[in-house]
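Here is the structure we will look at.
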Amino acid sequence: MCTSLTTCEWKKVFYEKMEVAKPADSWELIIDPNLKPNELAPGWKQYLEQHASGRFHCTWCWHTWQSANVVILFHMYLDRAQRAGSVRMRVFKQLCYECGTARLDESSMLEENIETLVDNLITSLREQCYDEDGGQYRIHVASRPDSGQHRSEFCEACQEGIVHWKPSEKLLEEEATFSGASKSRAQEGSGYNFFSLRWCLFWASLCLLVVYLQFSFRRSTFL
């Protein structure tokens with residue numbers, strides 16, 4: 001059962017491509033938000049996609065942002081006797097750095113990005129589960145692992161100890177310049193953002209109410 005459009009698309013692409021890659025075997029894809037890196041049951045293999053591209057949307061302040069450092073964790077297992085395999089998958093989330101809400105939001109990805117990521121998954125799956133030459137990993141054209149500052153304090157993968165981003169020297173200088181501001185915003189993340197859309201609407205309504213009361217008072221005075 002799909003919990004979102006993105007989940008449905010992942011399963012659709014995975015099943016279609018596995019039907020071509022391994023038509024004699026039965027594979028399933030399971031979304032597991034509790035999957036942990038390097039914690040593998042006997043016989044299971046791991047593949048980590050470190051620089052996927054996705055778009056996040058905050059349901060609290062409506063802020064959206066693009067990230068080229070989305071981490072996706074896969075655990076894979078093949079039962080050769082039953083000719084059945086299973087892939088467990090977790091897309092690590094990110095905090096909204098505008099309102100600092102404690103709710104981690106899921107990412108959405110374009111269809112062509114998902115196809116590229118599934119191709120990489122199948123390449124790793126063939127290498128680790130079938131002992132085959134999986135072919136060449138596809139370079140994700142939307143990925144820019146060194147294109148901008150990655151805010152690790154807002155990244156779920158970084159908080160779980162996954163090192164997936166290495167900045168250039170220029171970015172290290174920029175990070176040092178703005179580190180004070182970033183830490184301050186992270187500490188204030190649990191509070192209220194008085195410049196968010198909801199607060200702006202509140203203050204605008206309050207101002208309109210004051211103007212209306214003043215107008216009503218003056219009108220009653222003249223009458």
Side-chain angles (χ1 to χ4, degrees), residues 1-4 6-54 56 67-95 102-109 113-140 142-143 145-146 150-166:
M1 181 178 179
C2 295
T3 58
S4 67
T6 303
T7 299
C8 289
E9 190 61 36
W10 269 102
K11 292 190 174 183
K12 173 179 174 291
V13 174
F14 175 76
Y15 293 139
E16 288 178 352
K17 288 183 176 290
M18 283 306 297
E19 183 65 27
V20 175
K22 293 295 175 182
D25 295 342
S26 175
W27 279 86
E28 64 174 347
L29 176 64
I30 301 170
I31 307 300
D32 185 353
N34 299 314
L35 207 62
K36 299 292 184 181
N38 302 317
E39 294 185 7
L40 298 166
W44 284 77
K45 308 296 183 180
Q46 176 173 294
Y47 170 62
L48 186 67
E49 183 72 52
Q50 302 186 60
H51 298 298
S53 180
F56 291 85
S67 175
N69 292 284
V70 181
V71 175
I72 308 174
L73 176 65
F74 300 97
H75 285 182
M76 309 168 290
Y77 176 77
L78 173 63
D79 186 333
R80 293 180 180 270
Q82 299 294 327
R83 307 211 67 166
S86 179
V87 174
R88 307 189 78 88
M89 166 186 166
R90 177 185 177 183
V91 179
F92 288 88
K93 304 174 184 178
Q94 294 184 9
L95 277 168
R103 184 179 182 276
L104 287 154
D105 290 287
E106 296 183 2
S107 97
S108 59
M109 299 179 182
N113 295 342
I114 292 177
E115 290 189 359
T116 300
L117 295 169
V118 171
D119 283 338
N120 287 346
L121 167 62
I122 293 177
T123 296
S124 178
L125 187 148
R126 293 179 64 181
E127 291 175 348
Q128 298 194 71
C129 295
Y130 289 96
D131 299 321
E132 298 177 354
D133 181 3
Q136 187 175 5
Y137 286 86
R138 294 181 59 186
I139 297 175
H140 194 191
S143 294
D146 197 24
H150 178 63
R151 304 185 180 189
S152 58
E153 66 270 27
F154 296 97
C155 175
E156 190 179 45
C158 289
Q159 297 305 313
E160 296 212 14
I162 299 177
V163 180
H164 64 105
W165 187 79
K166 296 181 180 180

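If you read the sequence from its start, that first residue is 1, and numbering goes on from there. Bear in mind that the values here come from a model prediction, so they are computed numbers and not experimental data.
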Hey, could you give me the [atom1]/[atom2] distance between [X] and [Y], rounded to the nearest 0.5 Å?
{"X": "D119", "Y": "I114", "atom1": "CG", "atom2": "CD1", "result": "12.0 Å"}
{"X": "S86", "Y": "E28", "atom1": "OG", "atom2": "CD", "result": "4.0 Å"}
{"X": "R126", "Y": "L78", "atom1": "CZ", "atom2": "CG", "result": "13.0 Å"}
{"X": "F74", "Y": "L121", "atom1": "CZ", "atom2": "CG", "result": "5.0 Å"}
{"X": "M109", "Y": "S53", "atom1": "CE", "atom2": "OG", "result": "7.5 Å"}
{"X": "R80", "Y": "C129", "atom1": "CZ", "atom2": "SG", "result": "8.0 Å"}

Take E16 and V20 through the test side-chain contact (heavy atoms from CB on, under 4.5 Å) and record every step on the way to the result. CA-CA 7 Å; E16 288 178 352; V20 175; over 6 Å; no
Evaluate the side-chain proximity of [Y] to [X]: yes if any heavy-atom separation is below 4.5 Å, no if none is.
{"X": "M89", "Y": "L35", "result": "no"}
{"X": "F56", "Y": "V70", "result": "yes"}
{"X": "Q159", "Y": "L95", "result": "no"}
{"X": "D25", "Y": "Y130", "result": "yes"}
{"X": "F154", "Y": "S67", "result": "no"}
{"X": "Y47", "Y": "N120", "result": "yes"}

Which heavy atom of [X] sits nearest to which heavy atom of [Y], and what is that distance?
{"X": "L29", "Y": "Y15", "value": "N-OH, 3.2 Å"}
{"X": "A52", "Y": "I72", "value": "CB-CD1, 3.9 Å"}
{"X": "R83", "Y": "A24", "value": "NH2-CB, 3.6 Å"}

side-chain hydrogen bond (donor to acceptor under 3.5 Å, both in side chains) with H75: which of Q46, R88, K45?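 So, applying the side-chain hydrogen bond (donor to acceptor under 3.5 Å, both in side chains) to H75 and each of Q46, R88, K45, only Q46 qualifies.
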For E115 and K17: C-alpha separation, side-chain torsions, deciding distance, then whether side-chain contact (heavy atoms from CB on, under 4.5 Å) applies. CA-CA 9 Å; E115 290 189 359; K17 288 183 176 290; 4.1 Å; yes
Could D32 and R90 be called an ion pair, given the rule that one side-chain N must be under 4.0 Å from one carboxylate O? no
Is it the case that the side chain of E156 and the backbone of F92 share a donor-acceptor pair, with hydrogens and angles ignored and the cut-off at 3.5 Å? no
Full working for side chain to side chain donor-acceptor pair (under 3.5 Å) between Y137 and E49: CA-CA 11 Å; Y137 286 86; E49 183 72 52; over 6 Å; no
